[in-house]
Amino acid sequence: MNILHVTPAYYPATYWGGPIWSTKAICDGIAQLPGFAVQVLTTDAAGPDRSDSVRPATFAYPVHYAHRRAGHAIAPGLLTKLIRAIGWADVVHLTATYNFPTLPTLAVARMMNRPVVWSPRGALQATATWEDAPRKGVKQLFEKSANLLRPANCTLHVTSLAEGRDSTHRLGHIETTLIPNSVVIPSVGPKRPADGKLRLLYLGRLHPKKGLDVLIAAMKALPDHVRLDIYGSGDPSYVASLKTQIGSDSRIVLRGHADDGRKALAFAQADLFVLPSHSENFGIAVAEALAHGVAVVTTTGTPWVRLDAMGCGRCIALERDDLATTIENLSTADLSAMGAEGRAWMQRDFSPKAMTDAFAALYRSLAPTQGQAVLV
């Protein structure tokens, strides 16, 4: 069975956050299954600036990086390959929403009668639930166009019940399937020795919906022994606003982008991971923190409401609960034991195999015939 992934950006374009990792995990897993062939059609966009281009990586399957000419992912070369690539595919898996490849991919798949799995990666949910989501009117026009262009056999892939509810609110009637993201369980060494400090960690894209302004404000109310490391990159004007809010507080450090090695070190040095997001479809960084044995504080804007019940963190409502108070209360808890509970949870319920098997079953259900061609 031939599976084509169309996505505006692909690994190693990790600037764009969790969707890069989760899309790669799907492709890596499916490509290893007997009877499946995978290829990816994407752009070389590595960041918002047109000069930010990825250095293409090597995979066990073909990945075609069309050169981005403008915007976040406007790459005419992607369109020139689209018809042939969709003709090869038994199933087209489209990632992202308000982006250059979305409407052409839906239209060509409809024209060629190919089933589509569409992973909006939280964009529809954020527009539905986040009060300050930009350009809502333009996005509504985009959604109407997508509904007109998409094939009848189009399944919306969501990673949580909340994402499914909010996404269908934006699109109207569409078939949905719930498949959570997976997380790799790393080997972890001993935690750093206690030194009387409480080290908080944020790791992810720097974007207003992530609630970093709330976290920085909470730091102002926390004792001097609390430290905060912020890893990630984002729009320069927004990063500048964060620096202004931080001011001269030396306890808060913007560390920049974290590759795999820096990410592992960041988790190893953290006592508590904090994601005060207003909207998340999944929040892969929460799963990664738990997999590294780090307890988590997040919000009801994410799907991680079971943190309290699983004994590995807190999930609070920003409109009702005080973030600083929650962090201070957790500072006296056994955070190492909470992190161990979270790691065990990830091992049980969020394995890459479970996710891969679920997608394989979905693809098979959508395509009764299986193509055998290989696109070069």
Side-chain angles (χ1 to χ4, degrees), residues 18 122 125-126 129-130 159-163 180-181 183 185 188 191-192 194 196-205 207 209-223 225-232 251-252 266-350:
Q125 181 186 13
T129 62
W130 181 36
T159 57
S160 68
L161 290 172
E163 185 190 5
N181 290 332
V183 61
I185 308 298
V188 294
K191 300 291 285 185
R192 61 169 185 80
K197 295 182 174 61
L198 177 68
R199 299 185 186 274
L200 310 181
L201 171 65
Y202 169 87
L203 191 153
R205 189 160 58 105
H207 187 278
K209 80 166 188 173
K210 301 292 187 177
L212 284 164
D213 56 329
V214 179
L215 178 53
I216 294 169
M219 278 294 295
K220 307 293 184 181
L222 287 166
H225 71 277
V226 182
R227 301 287 188 268
L228 170 61
D229 286 324
I230 298 175
Y231 285 86
R251 300 176 306 147
I252 306 173
F267 284 126
Q269 294 177 338
D271 299 305
L272 187 63
F273 181 81
V274 187
L275 176 65
S277 187
H278 298 286
S279 175
E280 294 286 339
N281 66 307
F282 185 75
I284 189 65
V286 170
E288 289 177 329
L290 295 172
H292 280 84
V294 182
V296 171
V297 173
T298 189
T299 73
T300 52
T302 78
W304 293 97
V305 293
R306 294 182 65 200
L307 285 171
D308 300 72
M310 302 305 291
C312 52
R314 298 287 182 271
C315 186
I316 66 172
L318 286 178
E319 67 276 10
R320 184 180 68 243
D321 302 314
D322 183 68
L323 180 59
T325 300
T326 301
I327 292 170
E328 192 157 14
N329 289 342
L330 279 172
S331 67
T332 60
D334 188 342
L335 293 176
S336 294
M338 293 176 72
E341 291 289 345
R343 182 174 165 87
W345 181 25
M346 294 301 100
Q347 288 172 319
R348 286 194 307 271
D349 296 349
F350 293 88

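Excluded from the calculations below are hydrogen atoms, water molecules and symmetry mates; all remaining heavy atoms, backbone and side chain alike, are included.
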Hey, does [Y] have a side-chain heavy atom less than 4.5 Å from the side chain of [X]?
| X | Y | result |
| --- | --- | --- |
| Glu280 | Thr298 | no |
| Leu290 | Leu307 | yes |
| Tyr202 | Val274 | no |
| Leu200 | Met219 | yes |
| Val296 | Cys312 | no |
| Leu198 | Leu335 | yes |
| His278 | Thr299 | no |
| Pro303 | Glu163 | no |

What residues, two or more places apart in sequence or in another chain, satisfy salt bridge (charged side-chain N to carboxylate O under 4.0 Å, His left out) together with Arg251?
->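 Checked Arg251 against salt bridge (charged side-chain N to carboxylate O under 4.0 Å, His left out); matches are Asp249.
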Qualifying residues under salt bridge (charged side-chain N to carboxylate O under 4.0 Å, His left out), relative to Glu288, sequence neighbours excluded |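 Partners of Glu288 under the salt bridge (charged side-chain N to carboxylate O under 4.0 Å, His left out) test: Lys263.
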Could you tell me which non-hydrogen atom of [X] sits nearest to which non-hydrogen atom of [Y], and how far apart they are?
| X | Y | answer |
| --- | --- | --- |
| His207 | Leu212 | N-CD1, 4.5 Å |
| Leu201 | Ala266 | CD2-O, 3.8 Å |
| Met338 | Gly313 | CE-N, 3.3 Å |

Given the rule in the side chain to side chain donor-acceptor pair (under 3.5 Å) test, do Asn181 and Thr159 qualify, once you have shown the distances and angles that lead to the verdict?
-> CA-CA 6 Å; Asn181 290 332; Thr159 57; 4.8 Å; no
Please list all pairs passing the ring pair (Phe, Tyr, Trp, His ring centres under 6.0 Å) test where one or both residues lie in residues 313-335, with sequence neighbours left out.
->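 Output for this query is empty, none listed.
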How are the rings of Phe350 and Trp345 set relative to one another: parallel (under 30°), tilted (30 to 60°) or perpendicular (over 60°)?
->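 Ring orientation of Phe350 relative to Trp345: perpendicular.
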Run the side-chain contact (heavy atoms from CB on, under 4.5 Å) check on Leu215 and Leu228 step by step: do they pass?
-> CA-CA 9 Å; Leu215 178 53; Leu228 170 61; 3.8 Å; yes
Could you go step by step and tell me if Arg343 and Val188 meet the side-chain contact (heavy atoms from CB on, under 4.5 Å) rule?
-> CA-CA 10 Å; Arg343 182 174 165 87; Val188 294; 3.7 Å; yes
